[in-house]
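Data block below; observations after.
Letters A, B, ... are given to chains in the order of the sequence lines, protein chains preceding strands, and every chain is numbered from 1. Here the structure is a predicted model, which means the values were calculated and not measured.
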Protein chains: 2
Amino acid sequence: MSEEEILLQQLFEEEKLTEKQKKIIVAAIESFSEKGYAATSTNEIAKKAGVAEGTIFRHYKTKKELLVSIVAPLMTKLIGPVIVNDFHKVLDRPYEHAEDFLRAAIEKRREIIKKMLPVIKIMIQEIPFQPELREQFLEQIARKTFDRILIVIKSYQDKGQLIEMPTLSAARLVISTIFGYLISRYIFFPESEWDDELETERTIQFIMHGLGKK
Amino acid sequence: MSEEEILLQQLFEEEKLTEKQKKIIVAAIESFSEKGYAATSTNEIAKKAGVAEGTIFRHYKTKKELLVSIVAPLMTKLIGPVIVNDFHKVLDRPYEHAEDFLRAAIEKRREIIKKMLPVIKIMIQEIPFQPELREQFLEQIARKTFDRILIVIKSYQDKGQLIEMPTLSAARLVISTIFGYLISRYIFFPESEWDDELETERTIQFIMHGLGKK
DNA sequence: AATAAAAGTGAGTAATCACTCACTTTTATT
DNA sequence: AATAAAAGTGAGTGATTACTCACTTTTATT
C-alpha cells in the first residue's frame with residue numbers, strides 16, 4: 001500500500017469513498033499543503049486527480065466542504081490518543097515517573113505528525129481563517145489536551161515529582177516545549193539531520209531539570 | 001498619533017509615502033491579516049482604503065509586491081535588536097546572570113510583537129508560500145537569531161551557569177520556550193487574562209530550573 | 001434482464017480576479 | 001506663471017474562478 005493510501009485509510013477509516021473521490025482527496029491534500037487552500041483552484045485539483053471538475057462537486061457541495069472533509073477527520077484522529085492512551089495509562093496503570101509519561105507522549109505525537117504531515121500543515125494554515133475549523137480545534141483539541149495535561153501534571157505534583165508551579169503555567173510550558181520540538185523538527189527544519197531519540201531525551205531532560213546548573 | 005500611524009512609522013521610517021499610499025498599506029495589513037493574502041482582492045483593499053484600484057498599481061507593480069513591501073521591512077525591523085542589543089549588551093557589558101539576559105530578551109520581543117501583531121501574523125502565514133519571504137526569514141531572522149543565542153548560551157556555559165548540553169539543542173529549547181510563550185500569549189489565547197510579569201518570570205524559572213523537584 | 005440510483009462528465013455561466021491605460025488632478029521645479 | 005513630473009482615477013481587459021446542469025456511463029437492486 002502506498003504512502004497516500006495509508007494516509008487515506010488512517011483518516012477515512014470506515015467512510016466509503018469511490019476511486020475518483022480518493023484521487024480528488026489526494027490531489028487536494030497535495031495542492032492545499034503546497035500552495036494553500038485559497039490559492040488552489042478546483043480546476044487544478046481536478047486535473048491533478050485526473051477527473052472532471054464536475055466530479056468534485058458531485059461529492060462536495062463547495063470547495064470549502066472539501067477542505068473541511070479533509071481537516072475535520074484529522075482533528076478527530078488527533079484527539080484520540082489524548083482520551084484513550086494518556087488518560088488510562090497515566091491514571092489507571094500510571095507511568096511511575098513523569099519522564100516516562102513525557103517520553104511516551106512525545107513518541108506518540110511524533111508518530112502521528114510523521115504520518116499526517118501534509119494534512120497537519122493544511123490544518124495549521126487554515127485554522128485562523130475558517131471559524132468552523134477554529135472552533136473544532138479549540139473545543140476538541142486544545143481544550144481537551146490542556147485538561148488532560150493539567151490532570152497528569154497535578155498527579156505528578158501530588159507524587160512530589162514536580163515543583164509546585166501553578167498547573168496552568170506548567171501545562172503551557174510543557175506543551176510549548178514538546179510542540180516547539182516537533183514543529184522545529186517537522187515544519188521548520190525537516191531537512192536538517194535529527195537524532196530523534198537523543199533530541200527527545202534532551203527535551204525530557206530540559207522539561208524536568210531546565211538548563212541551570214545544580 | 002493613532003495606533004496605525006505608529007505602526008506605519010515604525011515600519012517605514014524614512015520611506016516617503018503619499019497619504020493614499022499609507023491608506024492602502026493600512027487597508028492591506030488589515031485585510032491580509034484577517035482573511036489571508038490569497039483570499040484578499042485588490043478591489044477590496046482599494047475600497048477599504050478609499051482609493052481607486054488603479055492607485056494601488058501606481059505604487060506597486062503587483063499584489064505580491066504590495067505584500068512584500070509590507071513584510072520585508074518587518075523582518076529588517078525584527079532582526080535589529082538581535083544584532084544591536086543582545087550582542088553588545090551581553091558580550092560588551094554582559095548581563096551577569098543568564099536570568100537577566102532572558103528577562104530582557106523576552107520583554108523586548110513582547111514589546112515588538114504587541115506593536116506589530118497584524119503584520120507578524122501576515123508574515124507567519126505567508127512565509128511557507130512565498131519563497132522570497134521564506135529565504136529572507138531563514139537567512140536574516142532564523143539564522144542570525146540562532147547564531148546569537150548560540151554565542152550567548154556558550155558564554156553562560158563557560159561561566160558555569162548552564163549545564164553542558166550541546167549549545168545547538170539548548171538554543172532550540174530556549175527559543176521554543178520563549179516563542180511558545182509569546183505565541184500562546186498573543187496568537188492562540190490573546191483573549192485570556194495574562195499576568196505578563198508573572199508568566200515571564202515563570203518562563204525564565206522553567207528555562208533555568210525545569211519542572212523537576214530538586 | 002430490466003430498472004433505478006449513483007457516479008462521472010465537460011461545456012457553459014456569471015462573478016470576480018489582477019492588472020492596464022488614456023485621462024485628469026495635484027504637486028514640484030524653473 | 002508656465003511646464004513637467006508625479007499621483008490619482010475608473011472604466012475596461014482577458015483570464016480565471018467556483019459552481020451548474022443536461023447528459024452519459026457505471027453500479028446496485030430487484
Nearest-angstrom distance from the residue atom [atom1] of [X] to [atom2] of [N]:
X       : N      : atom1 : atom2 : answer
B/Tyr60 : D/dA7  : OH    : C1'   : 13 Å
A/Lys16 : D/dA28 : NZ    : P     : 11 Å
A/Leu66 : D/dC19 : CG    : P     : 10 Å
B/Leu17 : D/dA7  : CG    : C1'   : 13 Å
B/Lys63 : D/dT16 : NZ    : P     : 15 Å
A/Asn43 : D/dA15 : CG    : P     : 15 Å
A/Phe57 : D/dC19 : CZ    : C1'   : 5 Å
A/Tyr37 : D/dA18 : OH    : P     : 8 Å

Of all the base pairs, Watson-Crick or G-U under 3.5 Å, which form stems of three or more consecutive pairs involving DNA chain C?
->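 Counting only runs of 3 or more consecutive pairs, the stems involving DNA chain C are C:1-30 with D:1-30.
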
Would you tabulate the pairs of protein nitrogen or oxygen atoms and nucleotide nitrogen or oxygen atoms of nucleotides 8-13 of chain D closer than 3.5 angstrom?
| from | atom 1 | to | atom 2 | distance (Å) |
| --- | --- | --- | --- | --- |
| D/dG8 | OP1 | B/Thr18 | OG1 | 3.4 |
| D/dG8 | OP2 | B/Thr18 | OG1 | 3.3 |
| D/dG8 | OP2 | B/His59 | NE2 | 2.6 |
| D/dG8 | N7 | B/Arg58 | NE | 3.0 |
| D/dG8 | O6 | B/Arg58 | NH2 | 3.0 |
| D/dT9 | OP1 | B/Lys20 | NZ | 2.8 |
| D/dT9 | OP2 | B/Ala52 | N | 3.2 |
| D/dT9 | OP2 | B/Thr55 | OG1 | 2.7 |
| D/dT9 | O4 | B/Arg58 | NH2 | 3.2 |

Answer with yes or no whether the side chains of B/Arg185 and B/Ser192 bring together a donor and an acceptor at under 3.5 Å.
->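 Absent: no donor and acceptor within the cut-off.
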
Residues B/Arg202 and A/Ser169: side-chain donor-acceptor under 3.5 angstrom =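 Yes, a side-chain donor-acceptor pair sits under 3.5 Å.
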
Inspect the contact between B/Glu19 and B/Lys22 and indicate whether a charged nitrogen and a carboxylate oxygen are less than 4.0 angstrom apart.
->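 Counted as a salt bridge, because a side-chain N and a carboxylate O are separated by less than 4.0 Å.
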
Between A/Ser41 and D/dT16, is there a side-chain N or O to OP1/OP2 distance below 4.0 Å?
->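 So the side-chain polar atoms of A/Ser41 never come under 4.0 Å of the phosphate oxygens OP1 or OP2 of D/dT16.
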
Within the side chain of [X], is there an N or O that forms a donor-acceptor pair under 3.5 Å with the backbone of [Y]?
X        : Y        : answer
A/Ser31  : A/Ala28  : no
A/Lys154 : A/Ile149 : no
A/Ser33  : A/Ile29  : yes

Ring pair (Phe, Tyr, Trp, His ring centres under 6.0 Å) evaluation trace for B/Tyr95 with B/Tyr156 = CA-CA 10 Å; B/Tyr95 292 104; B/Tyr156 287 113; 8.4 Å; no

Before giving the answer on salt bridge (charged side-chain N to carboxylate O under 4.0 Å, His left out), spell out for A/Lys35 and A/Glu44 the whole-Å C-alpha distance, their side-chain angles and the decisive distance to 0.1 Å.
-> CA-CA 11 Å; A/Lys35 311 180 49 181; A/Glu44 184 191 332; 3.0 Å; yes

Classify the angle between the aromatic ring planes of A/Tyr181 and A/Trp194 as parallel (below 30°), tilted (30 to 60°) or perpendicular (above 60°).
->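 Judged by the thresholds at 30° and 60°, the geometry between A/Tyr181 and A/Trp194 is tilted.
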
